[in-house]
Structure formats: C-alpha cells, structure tokens
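What follows is one structure encoded as structure tokens, with my remarks underneath.
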2 protein chains.
Amino acid sequence: MSSDPPGFELPLRLFLAFRVIIDDLHAELDAQGHPDLRPMHGFVFQAIGPDGSTAVELGRRLGVSKQAAGKMVESLERMGYVVRTSDPDDARRKIVRLTERGVDALARSARIFDRIRSDLAGRLGPDRLRALEDDLRAITPADLWRLDMPGWFGTS
Amino acid sequence: MSSDPPGFELPLRLFLAFRVIIDDLHAELDAQGHPDLRPMHGFVFQAIGPDGSTAVELGRRLGVSKQAAGKMVESLERMGYVVRTSDPDDARRKIVRLTERGVDALARSARIFDRIRSDLAGRLGPDRLRALEDDLRAITPADLWRLDMPGWFGTS
DNA sequence: CCATATAGTCAACGAGGTTGTCCGTTATGT
DNA sequence: ACATAACGGACAACCTCGTTGACTATATGG
C-alpha cells in the first residue's frame with residue numbers, strides 16, 4: 001500500500017502540465033512565423049472573436065480595465081494582428097478585428113493544439129486522456145473563457 | 001460515438017484547475033491570518049528552504065535576476081515572513097531565513113493543500129484522483145520545483 | 001600580491017497593470 | 001424636444017515588478 005502524495009503536488013503538476021503544453025505551442029508558433037506571440041495573445045484573440053469586439057468589451061471579458069485592454073490592442077495593432085475600424089452605427093465605438101495574420105495565428109494555434117492533444121493520446125492512451133479531461137471538467141467551472149487573467153503572461 | 005474535444009480545452013482546464021485550487025488555498029490562508037500572501041510567495045518560501053538561502057541563490061532557483069530576488073526578500077521582510085542575517089563565514093553573504101510566521105504560513109499551506117486534495121478525492125473518487133496525478137506525472141518534468149515563474153503572479 | 005569571481009545594493013528603465021479625468025456620442029426620461 | 005445620464009475612447013499620473021548596468025566589498029586562487 002502506497003501513501004497519498006502531499007496535497008501540494010497536484011496543483012504544481014497541473015501548472016507544469018499547462019506550461020509544458022503552452023511552451024510547446026509557442027515553440028511551434030515561433031517556427032511557423034509567429035515568434036512574437038505570447039501566451040496571453042491567444043486569449044485576447046479568442047476574446048475578440050470572429051465578429052470583432054471593442055476595447056471595453058475586451059476588458060470585461062479578460063478581467064482588466066478598459067485602458068489595459070486598449071494598450072493590449074495598441075500593441076497587437078503594431079504587430080499587425082488586429083485593426084481598429086470605426087463603427088458606422090455608433091460613432092463612439094471602435095471595433096477591433098483580427099487581420100489575416102491574426103486569423104492565421106489562430107488557425108495555426110488550433111492545429112498545433114490538436115497535434116499536442118494527439119501526442120498526449122499516444123503517450124497516455126486515448127482512454128486515459130479522456131478520463132483526464134473528464135476529471136478536469138468536473139473540478140473546474142463550466143465557462144472555459146472566463147479566465148480573468150490580468151498580468152499572468154508577459155505581453156511585451 | 002462522441003468526437004474528440006478541441007485541443008485547446010485541455011490546457012485551459014489544466015490552468016483553471018490550478019486556479020481553482022490556488023484560489024481556495026489563499027481564501028483559507030486569508031481566513032487563517034495570512035491575508036497578504038500571494039501565490040508566488042509559497043514558491044519563494046519553498047525556494048528559501050529550511051536552512052535559508054541567499055538572494056543570488058533564490059534568484060537562480062526562481063528564474064529571476066538577483067535584484068528581483070532581492071526586492072522580493074525586502075518585501076517579505078517588511079511583511080515579517082523572513083529575516084536576513086549575515087553569514088559569519090562569508091561577510092559578503094546575507095542569509096535569508098523564514099521567521100516563525102513564515103514557518104507557520106508554510107505549515108498551514110501544507111495542511112490546506114491536503115484538505116483540498118481530500119475534498120477532490122471525495123468528489124472524483126480516490127482512484128480517479130490517483131489516476132489524474134499519475135497521468136500528470138507522466139506528462140510533466142520530474143523536478144517539481146524547477147518552475148521558473150518570474151512575474152506570473154502578482155507579488156504586491 | 002594581484003586578478004578574478006561573487007554577494008549585495010543602487011539607479012535607471014520598461015512593460016503592463018491601475019485610477020482619475022475629460023470629451024464626444026448615444027440613450028433615456030419627463 | 002431637450003436635459004441628463006450612461007457609454008466608449010483616450011490621456012495622464014502612478015504603482016508594482018521585472019530588467020540591465022555600474023559600483024563596492026569580500027573571497028579565492030595562481
């Protein structure tokens with residue numbers, strides 16, 4: 001009979017597993033022509049969505065102030081991943097949209113994530129991977145995109 | 001037959017699970033007299049270790065510059081969690097040690113982590129929790145404490 | 001004995017977050 | 001219809017926490 005591991009191991013392993021996957025993703029993105037993307041950017045792209053968004057909306061979704069969201073957009077605009085256009089129906093709003101390059105990064109990310117997942121299925125076995133995902137779903141909130149991560153990743 | 005989930009779900013769930021546990025920990029620490037501790041601090045305490053450490057060593061272990069490590073120590077010293085004493089064998093070194101309060105925080109953290117783990121064992125079942133931990137061990141590096149997290153958590 | 005390496009500290013800077021303020025535009029209520 | 005409130009965006013000042021560079025004091029080894 002083996003004894004229980006200390007309680008602090010699980011959260012550490014969860015975080016390490018996250019890091020391993022994200023590091024893999026960004027090594028690939030780097031190799032595929034997106035060396036400047038940082039982990040945070042994926043969340044921002046996702047929050048922008050296919051129809052675009054505004055800085056205020058973005059801030060709400062990401063859990064930061066509208067000013068912080070505005071700075072993020074500015075930086076992504078400089079990198080060529082988003083553009084800001086004015087809303088014809090509301091002169092106050094400026095709609096942030098992904099550029100072709102932004103869409104490309106998002107598509108590549110999706111493909112890389114799927115490749116990583118199938119690697120893991122190969123290592124753990126498909127059933128164990130399923131069970132892992134099921135268990136994680138059981139202990140996390142349902143809403144995947146309510147992450148509220150402010151300065152967790154360097155966005156420089 | 002159900003289809004595979006998109007590859008991006010797993011890393012998100014891993015991160016969310018980590019967040020859920022860490023948020024739980026710090027809500028408890030808050031209630032038990034350590035409201036100022038932030039997630040990063042646990043890693044710093046661990047890096048200091050029972051025999052103390054120096055700022056340079058700390059920086060190496062945490063993956064930050066010695067100056068950044070020094071600032072962390074300064075802040076923890078102001079909060080009463082560590083003290084700096086001079087090394088009698090080497091007048092250059094100042095050894096950082098946990099205070100009684102620091103040791104208390106570490107002991108409480110360990111107890112809270114164990115409580116959280118047993119909660120999870122109740123929700124998933126002990127076997128599923130074991131399997132989860134085994135699978136995570138399989139996909140993460142063996143060395144738990146080589147985390148290299150610089151500004152991942154707010155330390156304020 | 002002197003050259004080099006190490007520990008700590010100070011200063012300047014940058015990234016990225018915050019709050020407060022202001023302006024122009026839209027929505028609302030009487 | 002018009003006064004007022006709410007909203008979106010931008011600007012400024014500030015904070016925290018990381019960085020690099022320079023400098024001092026102490027060890028250490030040829």
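Residue numbers begin at 1 in each chain, while the letters A, B, ... track the order of the sequences. Just so it is clear, the values below take in all heavy atoms, side chains as well, and ignore hydrogens, waters and symmetry mates.
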Please walk me through it: do A:L129 and B:L10 pass side-chain contact (heavy atoms from CB on, under 4.5 Å)? CA-CA 9 Å; A:L129 180 56; B:L10 179 59; 3.9 Å; yes
Walk along nucleotides 1-8 of chain D from 5' to 3' and tag each nucleotide B, S or - by protein heavy-atom contact under 4.0 Å, base first, then sugar-phosphate. -----BBB
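- As judged by a 4.0 angstrom heavy-atom cut-off over every strand, B:A91 is placed among residues touching the sugar-phosphate backbone only.
- The CD-C1' distance, from B:E74 to C:dC10, rounds to 11 Å in whole Å.
- Every residue meeting the side chain to side chain contact (heavy atoms under 4.5 Å, CB included) condition with A:A131, not counting sequence neighbours, appears here in chain and number order: B:R128.
- A straight line from CD1 of B:I95 to P of D:dT26 spans 16 Å, rounded to a whole angstrom.
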Tabulate atom names and distances for all N/O pairs under 3.5 angstrom spanning the protein and nucleotides 11-14 of chain C.
none

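- Among residues two or more places apart in sequence or in another chain, the side chain to side chain contact (heavy atoms under 4.5 Å, CB included) test is passed with B:V20 by A:P141.
- A:P5 is linked by a side chain to side chain contact (heavy atoms under 4.5 Å, CB included) to A:E9, B:R117, B:R130, B:E133, B:R137, counting only residues two or more places apart in sequence or in another chain.
- Atom CG of A:D87 and atom P of D:dG9 are 9 Å apart (whole Å).
- Rounded to an integer number of Å, the gap from CE of B:M79 to P of D:dT16 is 11 Å.
- Contact check, B:S65 against D:dT19: a side-chain N or O comes under 4.0 Å of OP1 or OP2.
- One can place CG of B:D89 at 14 Å from P of C:dA7, the figure rounded to the nearest angstrom.
- Legend: residues meeting side chain to side chain donor-acceptor pair (under 3.5 Å) with B:E28, ordered by chain and number and at least two apart, are B:Q32.
- Checking side-chain atoms of B:S75 against main-chain N and O of B:K71 turns up no donor-acceptor pair under 3.5 Å.
- Remark: A:R84 is in phosphate contact with D:dA10, judged by side-chain N or O atoms under 4.0 Å from OP1 or OP2.
- Every residue two or more places apart in sequence or in another chain was checked for a side chain to side chain donor-acceptor pair (under 3.5 Å) with A:H26, and none qualifies.
- Partners of A:T99 under the side chain to side chain contact (heavy atoms under 4.5 Å, CB included) rule, at least two apart in sequence or in another chain, are A:V83, A:R101.
- Comparing B:E57 and A:A68 against DNA chain C, the residue whose closest nucleotide sits nearer the 5' end is B:E57.
- Among residues at least two apart or in separate chains, ring-ring contact (aromatic ring centres under 6.0 Å, His included) pairs with a member in residues 62-93 of chain B are B:H34-B:Y81, B:F45-B:Y81.
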